[in-house]
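The sequence lines fix the lettering, A, B, ..., with proteins before strands; numbering per chain opens at 1.
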Amino acid sequence: MASISDIGLYKYKAFFLSFAWSGKDQAFLQRCSIPVTRVSSEQILFKNECLVFDQMPKRIGASTYNHETRMVENGDLARYVLEISHLISVLKFCGGEGCLELGRSYHALIAKTGLDGDEFVGTSLIDMYAKCGDLDSAVLIFNQMPRLDVASCNCLISGYASCGLFDETFRFFMKYDSFGNIPNPYTYSTMLASCGTLSAIEEGKQLHAQVVKMQYLPETAVSNALLTMYSKCGVMEDAETVFKCLPRRNIISWTAIINGLYRHEDFDKAMRLFSLMRESGIEPNEYTFTIALASCGSMKNLDNSHLLHALVIKKGMALGEFVGTAIIDMYSELGEMDDAEKQLKVMGILASKVSWNALTKGFVQNEKANEALDAFGEMVRKDAACDEFTFSIILKACASLPSFTSCQQIHARIVKANFDSNTHVGSSLLEAYTKCGSIEDAERVFSRISAPDVVSWNSLIKAYSQNGNPGRAISLFRRMIDKGFRPTVSTLLAVLSACSHSGEIQEGQEIFQSMVREFGILPEEAHYSCMVDLLGRSGQLDKALDFINNLPVKPTASIWKPLLAACRCHKNLQMAEFVAKHILAMDPNDATVYVTLSNMYAEAGQLVNAENQRNLMKLKEVTKEPGCSWIEVNSKIHKFFSRDRTHPESAKIYNKLKQVMMQITGKAYTTNANQLQQKEDSCLFHSEKLAVCFGLISLPAGKPVRIFKNLRVCTDCHMFMKYASLITDRIIVLSDNYRFHHFNKGCCSCGDYW
DNA sequence: CTAGGGTTAG
């Protein structure tokens, strides 16, 4: 245990460090060779103990006087004030850096020397405890204070607010009166900030009224807080009004309004204000630059981005933790991954794990999953700490490949790092396993999440809905409701599509009805399109048409499209022509419409019409590359496979499947589902389709089939093409750039709406 | 002594 005199030494070290750390004395920092990288302050204290001590000009020992005796000692007043201000600095330092234990030992020292009777010291103690999150101690001191002024109350209330105890915050605000205090501008800043995080617009407006009445509005900090509150509550007009009326705008006012515009996706205006700010003589700081960089990235304007990047370099800020990462984000957003990578390299040792995460995320978003995995590997190799964000991001890369092996490897790391109960990581893992086709793993992962939220439930429901167990998806939906979760837009989409795919017409319609009535969710385009699919798939084409005609919104192409698919499935050429006309009126370049119609004519024996549709499509230049023959091949398979699993030829298919899979993997292969899931590569799950292809369809004679670029296809078809190209050089995949998509876009290959 | 602004995830 440290003795009082030890603590005395410690105190001065902490003081000097806090002084140095506040950035006011760079020379001091350098003289002490304090590392610039940010480590916890306690670490620095210990590391530089001797150094700092040597630098101390003079030591004022911590003797056991109390302040009354000192007050009467003539001429000692100056030293007393010095002592108090030292203590306050140290406590501020502890609060700012979250050094609760250090602060506590100071508290002990203060109590011992009797300095805790001092009003300022007491307030600083409250602030220190509140900032360190130890509100119980803060309240204890608060209650012992001989006199309570506004500052003490403000310290406590900001403690409540920063700990997220908003009930307490508001309750305490109402009690200011009973302590004989009037809320001051600081109080209102804190309160307004709380309203902002809570999106409590009504309370915010009431506070606004009070602020006006108290004439605090000209206070820049109060107006800043007010405009931030409005912007967080989504009322940009009011935020802008507050900004316009501000008599003295500082850098924070400008940053707040620019940030508000950025959050509301008004990037143009954000950048305009950024220029205006500079014109008005205020230079951006690190905060402002991160927002400006983000806006630039979202605007997709490369020239502006380069200008801004140059400006940041000129200011010497390009390597800072936040600004540096913002540059990586900007280039990722612009798709300039080389520049993003360069930035990370330039940052060198200053790159934090957030910077690495940003780069990895950039790769994933630009559909470079392998590069993302490489970056992750590099991160692991460098022994950089991986956090929950790292894992969420990298799992997305695994899902997009999809690579079951990578999923398992990363899963192992996650378990080792103790992140498997984290809600975000768990959900990402769940999604990744789902994309790899392993529902069993997905379910197991779900059960490990300590606090599953709506998104976790959604993912699990979607997993079953999209992987051939719609019945389970529906029952999970019921269980989720029973547990008291409020479904979201995507919950209902997943469960409605489950109903559609399992033929639960009645149930689907009931759930659709309950959307608004029970859950208060307004159906979106995708839900309507799903309902059309539900009715159409079951053959109720007229009902589906009625549904479309009676919609409260104007039906879009995405709403019509599932009906076209249904027409084909149920061989209603007449209605198909009618529907196609509607879709083409809205989107004349939609390849799926021509393909579907053409296939339907062919199936009806109208070969001339079929050919006409093809020519029409080529005429419209919907396809830049020749490759339509592939679509024909695939749509035959689709027709066979997706609608009718009990086809009499299934035995033949499975035999063919075994042969094909042997060719690919070199291993014996059975169709037993349990053994399937143990296979290294989950793509096997999609092989049914592949087998159908090779079992039933022969490739057209002549030239190889080219699968052209930028074709929107579903994951199933993607997988299917990839494997097909492995087996025969007759199939050439020109690009790996396929995207999974949802209802509102049909798959160009199979025409389905997955 | 007390207030205001920023990056990454399902």
Legend entry - Atom CG of Asn143(A): over 12 foreign heavy atoms under 6.0 Å: yes
Inset, instruction - Mind calculating the distance between CD1 (Ile258(A)) and P (dG5(B)) to the nearest angstrom? - result: 15 Å
Legend entry - Set of salt bridge (charged side-chain N to carboxylate O under 4.0 Å, His left out) partners for Asp134(A), sequence neighbours left out: Arg104(A)
Inset, instruction - Say whether Asp149(A) and Asn181(A), considering side chains only, have a donor N or O and an acceptor N or O under 3.5 Å apart. - result: no
Legend entry - Sugar-phosphate, base or nothing in reach of Thr190(A), heavy atoms under 4.0 Å: sugar-phosphate
Inset, instruction - Output the single nucleotide from dA3(B), dG5(B), dC1(B) whose closest atom is nearest the side chain of Ser189(A). - result: dA3(B)
Inset, instruction - Indicate whether OP1 or OP2 belonging to dA9(B) is found under 4.0 Å from a side-chain N or O atom of Lys396(A). - result: no
Inset, instruction - Report the distance from atom CE of Met229(A) to atom P of dG5(B), rounded to the nearest whole Å. - result: 13 Å
Inset, instruction - Could you tell me the separation between the CG atom of Leu359(A) and the P atom of dT8(B), rounded to a whole number of Å? - result: 15 Å
Inset, instruction - Could you tell me whether the side chain of Phe376(A) reaches within less than 4.5 Å of the side chain of Phe391(A), counting heavy atoms only? - result: yes
Inset, instruction - Scan Lys92(A) against the nucleic acid and name what it touches under 4.0 Å (heavy atoms): base, sugar-phosphate only, or nothing. - result: sugar-phosphate
Legend entry - Interatomic distance where CD belongs to Glu283(A) and C1' belongs to dG5(B) [whole Å]: 17 Å
Legend entry - Flag side-chain contact, heavy atom, 4.5 Å: Val454(A) against Asn458(A): yes
Inset, instruction - Have a look at Ser392(A) and say if it touches a base, only the backbone sugar-phosphate, or nothing, with a 4.0 Å heavy-atom cut-off. - result: base
Inset, instruction - Would you mind reading off the distance between Asn224(A) atom CG and dG6(B) atom P, rounded to a whole angstrom? - result: 12 Å
Inset, instruction - Return one dot-bracket line describing DNA chain B 5' to 3' (Watson-Crick or G-U wobble pairs, both distances under 3.5 Å; ( ) same strand, [ ] crossing, | another strand, . none). - result: ..........
Legend entry - Phe485(A) vs Thr491(A) side-chain heavy atoms within contact, under 4.5 Å: no
Inset, instruction - Side chain of Tyr287(A) only, please: which of dG5(B), dT2(B), dG10(B) is the nearest? - result: dG5(B)
Extract all donor-acceptor atom pairs below 3.5 Å that involve side chains of residues 192-199 of chain A and protein atoms in other chains or at least two apart in sequence.
unit_1: Ser194(A); atom_1: OG; unit_2: Thr190(A); atom_2: O; d: 3.1
unit_1: Thr197(A); atom_1: OG1; unit_2: Ala193(A); atom_2: O; d: 3.3
unit_1: Thr197(A); atom_1: OG1; unit_2: Ser194(A); atom_2: O; d: 2.9

Inset, instruction - Answer yes or no: side-chain N or O of Asn285(A) and base N or O of dG5(B) forming a donor-acceptor pair under 3.5 Å. - result: yes
Legend entry - Parallel, tilted or perpendicular: ring planes of Phe179(A) versus Phe172(A), cut at 30 and 60 degrees: tilted
Inset, instruction - State whether the number of non-hydrogen atoms from other residues, nucleotides or ligands found under 6.0 Å of Arg249(A) atom CZ is greater than 12. - result: yes
Legend entry - Heavy-atom donor-acceptor pair, Asp453(A) side-chain to dG10(B) base, under 3.5 Å: yes
Inset, instruction - For the side chain of Phe389(A), starting at C-beta, report the closest nucleotide among dA9(B), dG10(B), dG5(B). - result: dA9(B)
Legend entry - Short side-chain N/O contact to dG5(B) OP1/OP2 from Asn259(A), under 4.0 Å: no
Inset, instruction - Could you work out which one of dC1(B), dA3(B), dG10(B) sits closest to the side chain of Ala221(A)? - result: dA3(B)
May I have the list of side-chain donor-acceptor pairs in residues 225-232 of chain A shorter than 3.5 Å, sequence neighbours left out?
unit_1: Thr228(A); atom_1: OG1; unit_2: Asn224(A); atom_2: O; d: 2.8
unit_1: Tyr230(A); atom_1: OH; unit_2: His208(A); atom_2: ND1; d: 2.7

Legend entry - 4.5 Å side-chain heavy-atom contact, Lys269(A) and Glu240(A): yes
Inset, instruction - On the 0 to 90° scale, with breaks at 30° and 60°, tag the Phe267(A)-Tyr262(A) ring pair as parallel, tilted or perpendicular. - result: tilted
Legend entry - Nucleotide of dG5(B), dA9(B), dA3(B) approaching Gln365(A) most closely (side-chain heavy atoms): dA9(B)
Inset, instruction - Give the rounded distance in Å between these two atoms: CG of Leu246(A) and P of dA3(B). - result: 19 Å
Legend entry - Interatomic distance where CD1 belongs to Ile393(A) and P belongs to dG10(B) [whole Å]: 8 Å
Legend entry - Glu283(A) atom CD, neighbour heavy-atom count above 12 within 6.0 Å: yes
Legend entry - Nucleic acid contacts of residues 128-135 of chain A, taken as heavy-atom distances under 4.0 Å to DNA chain B: Lys131(A)
Inset, instruction - May I have the distance from Gln343(A) (atom CD) to dT8(B) (atom P), rounded to whole angstrom? - result: 16 Å
Legend entry - Positions of residues 143-163 of chain A (non-hydrogen atom under 4.0 Å from DNA chain B), listed by number: Ala151(A), Asn154(A), Cys155(A)
Inset, instruction - Please tell me which of the listed nucleotides, dC1(B), dG5(B), dT2(B), lies nearest to the side chain of Asn184(A)? - result: dT2(B)
Inset, instruction - Would you indicate what Ser223(A) reaches in the nucleic acid, counting non-hydrogen atoms under 4.0 angstrom: base, sugar-phosphate, or nothing? - result: nothing
Legend entry - Phosphate contact (dA9(B) OP1 or OP2) by Lys361(A) side-chain N/O below 4.0 Å: yes
Inset, instruction - For Glu431(A), report the nucleic acid contact type (base, sugar-phosphate, nothing); a contact means any heavy atom under 4.0 Å. - result: sugar-phosphate
